[in-house]
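Just dropping this structure here.
Protein chains get the first letters and strands the later ones, always in sequence-line order, with residue 1 at the start of each.
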There are 2 protein chains.
Amino acid sequence: MLGRDYHATLADIADAAGVGRTTLHRYFSDRTGLISAAIEDSIAAIDESVAGAAIDQGSPIEAMRRLVTAMVAVGDRLVFLFGDPRVLEGRGAAGTPAPLDDPVIALIKRGQAEGAFDPDVTPAWIQRVLWSLVYTGYQDADACGLARHGIVSAVIRTLENGIHTPTPEHRQV
Amino acid sequence: MLGRDYHATLADIADAAGVGRTTLHRYFSDRTGLISAAIEDSIAAIDESVAGAAIDQGSPIEAMRRLVTAMVAVGDRLVFLFGDPRVLEGRGAAGTPAPLDDPVIALIKRGQAEGAFDPDVTPAWIQRVLWSLVYTGYQDADACGLARHGIVSAVIRTLENGIHTPTPEHRQV
DNA sequence: ACCAAATGGAACATTGATGTTCCATTAATG
DNA sequence: CATTAATGGAACATCAATGTTCCATTTGGT
């Protein structure tokens with residue numbers, strides 16, 4: 001709910017959750033508390049999903065495909081956390097830099113070192129591209145004529161080859 | 001300003017513009033009026049920039065490169081118009097579908113027909129990818145170690161080739 | 001210098017979201 | 001069935017953003 005609209009009213013959220021606004025306040029002291037709880041929950045879910053992808057193992061390309069799959073699976077959490085820059089704003093200096101930044105950057109650097117990924121762009125750029133394609137795939141799936149299960153393959157395909165017609169050596173399954 | 005934060009306070013906007021809040025109200029009857037004016041202005045600027053790219057001429061790849069350049073040049077307007085889905089929400093049925101959808105889709109279809117672009121994904125998907133890369137490039141330029149002038153080339157490079165190490169036949173200038 | 005227009009600040013009413021309190025109703029547990 | 005906890009609704013105070021009015025000041029043109 002907060003992922004779809006970060007400024008949703010507490011009344012709307014309560015309605016969407018099927019509870020009264022009073023009950024919502026009983027569980028979360030104030031709006032900040034609710035947001036914090038949602039952030040913690042989302043980070044945990046994302047961490048778990050990404051950890052399951054074991055991106056430090058196997059070939060970088062295969063690892064990246066597993067990562068995309070894992071990210072799309074928790075797309076709603078990603079949209080919530082990173083869709084509105086204000087969500088994670090107060091957390092920059094404090095603790096976690098971002099839930100999954102470090103292992104992803106490590107994977108990208110490994111892929112560049114092994115010759116799998118474009119070495120002429122920064123790892124940070126590749127990371128943003130990854131994120132933005134996952135976001136786009138998850139967010140605009142229906143607008144792009146993509147079925148839910150088609151998101152992952154479309155994201156992987158475009159992430160790996162861009163929009164050019166694939167060359168034989170880069171063709172994937 | 002509204003592009004950075006769609007929910008910016010009128011007082012903040014007035015401050016950023018270097019005028020008093022009263023003066024702001026004198027030019028725009030209410031917040032809706034201000035938003036509308038900003039939308040009109042942004043659409044005009046985008047239309048002008050994209051028209052200058054003449055994407056119906058030349059090879060699809062060259063046209064797409066010109067389009068990316070034109071889009072990055074009006075990145076702030078794009079961020080404002082499409083960054084928050086609420087901005088253009090009330091305009092769906094009324095008039096313009098979106099300022100530049102049709103010519104871009106036409107370019108993509110032409111590129112697919114001529115064998116330049118991946119024919120196995122929908123034009124709508126390619127369009128979203130294009131938009132999301134431009135958005136990412138414009139928005140996160142500094143976080144990705146990209147100088148302002150490096151955005152266009154990074155976006156084009158990744159859009160065309162993905163994150164794979166480029167093959168000789170696909171290498172660009 | 002003078003006048004007209006525009007500006008910015010202050011004060012005010014209004015609105016919507018929020019947080020709180022109280023109470024009736026419902027669900028769960030013995 | 002009786003007791004207890006949880007729930008949802010209503011009412012209220014608070015606060016921030018908004019829109020309005022009024023007035024002193026500044027700006028620009030003559």
If only side-chain N and O atoms of A/Thr22 are considered, is one of them under 4.0 Å from the OP1 or OP2 phosphate oxygen of D/dG9? no
Rounded to whole Å, the CZ-P distance (A/Arg31 to D/dC15) equals 18 Å
Gap between atoms NE2 and C1', on A/His25 and C/dA17 respectively (whole Å): 9 Å
Carboxylate-amine/guanidinium proximity below 4.0 Å for B/Asp120 and A/Arg157: yes
Expressed as a whole number of angstroms, how long is the span from A/Leu10:CG to C/dG16:C1'? 12 Å
Is A/Thr23 reaching over with its side chain to a backbone N or O of A/Val19, donor-acceptor style, under 3.5 angstrom? no
May I have the distance from B/Asp12 (atom CG) to D/dT18 (atom C1'), rounded to whole angstrom? 13 Å
For A/Ile108 and A/Met64: C-alpha separation, side-chain torsions, deciding distance, then whether side chain to side chain contact (heavy atoms under 4.5 Å, CB included) applies. CA-CA 8 Å; A/Ile108 292 170; A/Met64 183 63 80; 4.1 Å; yes
Quick one: on DNA chain D, does A/Arg26 or A/Arg21 contact a more 5' nucleotide (nearest heavy atom)? A/Arg26
Measure CZ/A/Phe28 against P/C/dT18 and give the value in whole Å, please. 14 Å
Flag yes if more than 12 heavy atoms outside B/Glu48 fall under 6.0 Å of its CD atom; otherwise flag no. no
I need the CG-C1' distance between A/Asp30 and D/dT14, as an integer number of Å. 14 Å
So what does B/Gly33 touch, heavy atoms closer than 4.0 Å: a base, only the sugar-phosphate, or nothing? nothing
Please report the distance, rounded to the nearest Å, between CG in A/Asp15 and C1' in D/dG8. 11 Å
Does a side-chain N or O from B/Tyr27 land closer than 4.0 Å to OP1 or OP2 of C/dT7, or not? yes
